[in-house]
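Chain letters run A, B, ... following the sequence lines, proteins first and then strands; every chain starts at 1.
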There are 2 protein chains.
Amino acid sequence: MTSKMLPSLSVDCVIFGYEDNMLKVLLRQEQVPFDDSIAIEWKLPGNHVFRNETVDETAARILKEQTGLEEIYVKQFYVFSDPARLTKRPQDFIWVKPRLIDDRVITVGFYSLINLPDFDNSMLISEAQWMNTSEVTDLMFDHVEIFQEALKRLRYDLIHEPIAFELLPEKFTLTQMQKIYEAILGTTFDKRNYRRKINKMPYLIQLDEFQSNVSHKPARLYSFNREIYEKTYTERFDFRV
Amino acid sequence: MTSKMLPSLSVDCVIFGYEDNMLKVLLRQEQVPFDDSIAIEWKLPGNHVFRNETVDETAARILKEQTGLEEIYVKQFYVFSDPARLTKRPQDFIWVKPRLIDDRVITVGFYSLINLPDFDNSMLISEAQWMNTSEVTDLMFDHVEIFQEALKRLRYDLIHEPIAFELLPEKFTLTQMQKIYEAILGTTFDKRNYRRKINKMPYLIQLDEFQSNVSHKPARLYSFNREIYEKTYTERFDFRV
DNA sequence: ACAAAAGTGTTTTGGGTACACCCATGT
DNA sequence: ACATGGGTGTACCCAAAACACTTTTGT
């Protein structure tokens, strides 16, 4: 009862990374006993909630453990509470049982966003790996469902909140920004119409800097100004492009 | 450890009711010891999660206990997990402590929607009462925060999902529907523009029935067809009016 | 010179908004 | 007859969408 952890409550993190016009997700591999041998299975990073922290702090802790990063964007999106969620896949349950205080664990799903070109991959623990979101098919427990819900929510949030900037470097080109929307939403946009829409966003700051060392006309760089965003935000606005 | 309940997990329900162009919320009063006397305090209905149920089932159980109703719309909206959420208001903690297995309780917030003219108030337990949402100021624990988040989420969902129909009778007039949007969003709409927009929704079925016994031109009745909604729904559509 | 991506304007179409009067019913 | 809410059309403006060519750089 006085364990450091809350026995029946965990957080699982769907950590999205973006690079080369591709959306990726961070998965961890585990060695699961299976018919006298060992199978490699993949799962989302997760952990129990400590007694003295909020679930957002749990999510931040998991991010730190897995990637070494702090102050990453994390967002709670859903609670997964099926009483059979750990036992439905018997091998997974055999693997997890010795790690549990209580068999019944409810998990809070979080997603987070990382710009991979800025990311130092040497910080990754060896069991972790970035996987293309289109290739995620089979995960432990109910993690496929958690992943799919996260992706659904990410798409929803992308067009309602300024989260694209979490996946971009400090200074970015409009084409980079457009590609993020295209990669996550799975569509393409007309460049001219996209830019006309962008130009109406007062919090997108046009810089007097340009790309260099590119073998084509260098693109102008932009940055996102959160203060202007907060000031000019109105409930009715949306980010759909 | 083998209690029927999960010690550190509860569900709190923000039960919205609608009547007379007003949005109301169901609150429960509790008698809280205070300086050798008893103070009346109000809280949201809530309960612990049982070991064998999902949190959605917990929410449905709370609804049933408080209102006698089953098959009511319930929706998970946020997890409140501040370690100090029960202890911040010392009197409330004194009241709740004997009811707890563990002092640390994380709660999943749900909201639900009830059309009050269809509702049999005799089913309400005596400690419960409908209160105007504009009059909710002081509740136990962090329940004001939970209530405000629920209201924020309700407004958001109202313009993105067909939840207005949960607050309407089976057959309703367009003015009734318009009033719901106005009451919840706190605005007014032009009748003609509202109706033009409504007429584009194929899942709003015009009936060959009219109001009767009203001292003005009887309004045509409409109904909501969920199957048509599911079929014609596209991600980009929104309910903003 | 060529390849590669940047950057730019016009036209058409449809939706949002503003606005005022007649209609059907009960009393 | 009157009070009450029901029901309808038009004009203007702006946003969305479709669409093609010139510019700048590195090789």
Specify the separation, in whole Å, of atom CZ of A:Phe189 and atom C1' of D:dA15. 16 Å
Could you state the CG-C1' distance from B:Asp190 to D:dT8, rounded to the nearest angstrom? 11 Å
Could you state the atom-to-atom distance from CE of B:Met177 to C1' of D:dG7 in whole Å? 17 Å
Hey, is the main chain of B:Lys43 close enough, under 3.5 Å, to the side chain of B:His143 for a donor-acceptor pair? no
Atom pair distance, as rounded to whole Å: CD1 in A:Ile198 and P in D:dA16: 12 Å
Quick check on side-chain contact (heavy atoms from CB on, under 4.5 Å): which of B:Phe224, B:Tyr222, B:Tyr194 does B:Met177 satisfy it with? B:Tyr194
What nitrogen or oxygen pairs link the protein and nucleotides 20-23 of chain D at under 3.5 Å?
from, atom 1, to, atom 2, distance (Å)
D:dA20, N1, A:Arg192, NH1, 3.2

Could you tell me the separation between the OH atom of A:Tyr194 and the C1' atom of C:dA6, rounded to a whole number of Å? 15 Å
Identify, with sequence neighbours excluded, every residue that meets side-chain contact (heavy atoms from CB on, under 4.5 Å) alongside A:Gln76. A:Val55, A:Asp56, A:Val108, A:Phe110, B:Tyr78, B:Val79
Residue-phosphate contact under 4.0 Å: B:Lys197 side-chain N/O, C:dG16 OP1/OP2: yes
Identify, between A:Asn193 and B:Arg195, the residue whose nearest nucleotide on DNA chain D lies closer to the 5' end. B:Arg195
With no hydrogens and no angle check, is any side-chain donor or acceptor of A:Thr133 less than 3.5 Å from a backbone partner on A:Leu23? yes
Salt-bridge criterion met for B:Glu57 and B:Arg61 (N-O under 4.0 Å): no
So the salt bridge (charged side-chain N to carboxylate O under 4.0 Å, His left out) pairs with at least one residue in residues 144-156 of chain A (sequence neighbours excluded) are A:Glu149-A:Lys152, A:Arg153-A:Asp157
Inspect the contact between B:Glu166 and B:Arg226 and indicate whether a charged nitrogen and a carboxylate oxygen are less than 4.0 angstrom apart. yes
Could you check whether any side-chain N or O of A:Arg220 sits under 3.5 Å from a backbone N or O of A:Leu207, counting only pairs where one atom can act as donor and the other as acceptor? yes
Could you check how far CG of B:Asn199 sits from P of C:dG15, rounded to whole Å? 13 Å
Keeping B:Gln129 on the side-chain end and B:Leu26 on the backbone end, is there a donor-acceptor pair under 3.5 Å? no
Contact class for B:Arg220 (heavy atom, under 4.0 Å): base, sugar-phosphate, or nothing? sugar-phosphate
For atom CG of B:Leu221 and atom P of D:dG5, their distance in whole Å: 17 Å
State plainly whether the residues B:Arg28 and B:Glu30 are in salt-bridge range, i.e. N to O under 4.0 Å. yes
Take the C1' atoms of the five end pairs on each side of the helix from C:dA1-D:dT27 to C:dT27-D:dA1, derive the two axes, and give their angle rounded to 10 degrees. 0°
Nearest-Å distance for atom pair CD1/P, residues B:Ile159 and C:dG16: 13 Å
Using a 4.0 Å cut-off on heavy atoms, which residues in residues 206-216 of chain A reach DNA chain D? List them by number, or say none. A:Val214, A:Ser215, A:His216
Are any side-chain N or O atoms of A:Asp120 and backbone N or O atoms of A:Ser122, one a donor and one an acceptor, separated by less than 3.5 Å? yes
Quick one: list whatever passes side-chain contact (heavy atoms from CB on, under 4.5 Å) with B:Asn199, sequence neighbours left out. none
Tell me what A:Thr173 touches on the nucleic acid: a base, only sugar-phosphate, or nothing, going by heavy atoms under 4.0 Å. nothing
